Amino acid sequence: MSKRKIREVIVVEGRYDKNALAQVVDAVIITLNGFSIFNNDQKLSFLRRLAEKQGLIVLTDPDGAGFVIRNYLKGALPKDRVKQAYIPDIHGKERRKRAPGKEGKLGVEGMTPAVLLEALRRAGATFLDDTETSAPPKPPITKADLYALGLSGTPDSSARRAALLQRLDLPRHLTANGLLEALNILFDRDSLAGFLEENAP
């Protein structure tokens with residue numbers, strides 16, 4: 001499989017994630033070395049410069065630790081220059097590990113090339129080798145839309161969100177705001193309403 005060329009810089013947690021991604025894409029891939037990013041002002045400043053210049057895509061594991069890192073970067077980097085890529089919750093263990101992680105989920109390094117590419121595509125990565133013309137921007141989905149669709153503000157909204165996350169292969173740790181962000185990558189208002197109608201329990 002030939003590598004896909006991506007304009008944005010991709011940020012991952014560790015070197016094994018970088019190795020897995022480097023088999024799939026031709027892009028600048030930066031490792032955070034886990035939680036050490038919290039105390040590394042120099043690297044954070046470097047990431048800000050890269051975000052301003054090329055744009056960033058954050059791709060962390062779907063476990064709690066991955067979301068702590070992701071949320072930290074959301075607050076520390078310019079929001080309009082950062083895209084969020086999510087891999088699905090898949091239970092299992094990476095080959096190099098003796099035992100599964102604390103939550104029993106595969107991380108970025110355990111994903112197939114097809115899953116990694118789909119996560120990047122969903123995030124809105126700029127594939128420089130794409131010959132397709134880009135579509136006009138979709139009207140954004142708002143918090144009011146989530147409320148109208150029963151995905152927030154109702155007694156069963158968290159269960160509805162959990163079911164939707166599962167159907168879309170998105171991690172269950174996503175908050176309502178994170179879900180809104182992901183939905184705006186995948187749908188517009190009409191297509192989301194249609195999807196929910198088709199997939200009603």
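All values below were derived from every heavy atom in this structure, side-chain atoms included, with hydrogens, water molecules and symmetry-related copies excluded. This is a predicted model, so every value here is computed, not measured.
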### Task
Please answer whether the main-chain N or O of L128 pairs with a side-chain N or O of K5 as donor and acceptor at a distance below 3.5 Å.
no

### Query
When you measure from the side chain of E8 to the backbone N and O of Q54, does any donor-acceptor pair fall under 3.5 Å?
no

#### Entry: D17 (side chain) donor-acceptor with G14 (main chain) under 3.5 angstrom
yes

### Query
Can R70 be said to sit on top of F67's aromatic six-ring, NZ or CZ under 6.0 Å from centre and within 45° of the ring axis?
yes

### Message
Do L106 and H91 make a side-chain contact, defined as non-hydrogen atoms from C-beta onward lying under 4.5 Å apart?
### Response
no

### Distance (rounded to the nearest 0.5 Å) between I141 CD1 and L192 CG
4.5 Å

### Query
Under a 4.5 Å cut-off applied to non-hydrogen side-chain atoms, are Y72 and L77 in contact?
no

#### Entry: Distance, nearest 0.5 Å, that separates CG of L146 from OG1 of T142
7.0 Å

### Query
Quick one: which of V58, L56, V82 gives a side-chain contact (heavy atoms from CB on, under 4.5 Å) with V9?
L56

### Message
One thing to verify: whether R189 and D145 come together as a salt bridge, which I'm taking to mean a side-chain N less than 4.0 angstrom from a carboxylate O.
### Response
yes

### Message
Between E13 and T31, does the side-chain hydrogen bond (donor to acceptor under 3.5 Å, both in side chains) criterion hold? Intermediate values first, please.
### Response
CA-CA 5 Å; E13 290 180 53; T31 58; over 6 Å; no

### Message
With rounding to the nearest 0.5 angstrom, report the CD to NZ distance, E94 to K97.
### Response
4.0 Å

### Query
Does the distance from a Lys or Arg side-chain N to an Asp or Glu carboxylate O, for D26 and K3, drop under 4.0 Å?
no

### Any donor-acceptor pair under 3.5 Å from R48 side chain to A76 backbone
yes

### Query
Just by modelled atom types, is the G66 backbone N or O under 3.5 Å from a matching donor or acceptor in the D63 side chain?
yes

### Task
State the CZ-CZ distance between F127 and R7, to the nearest 0.5 angstrom.
12.5 Å

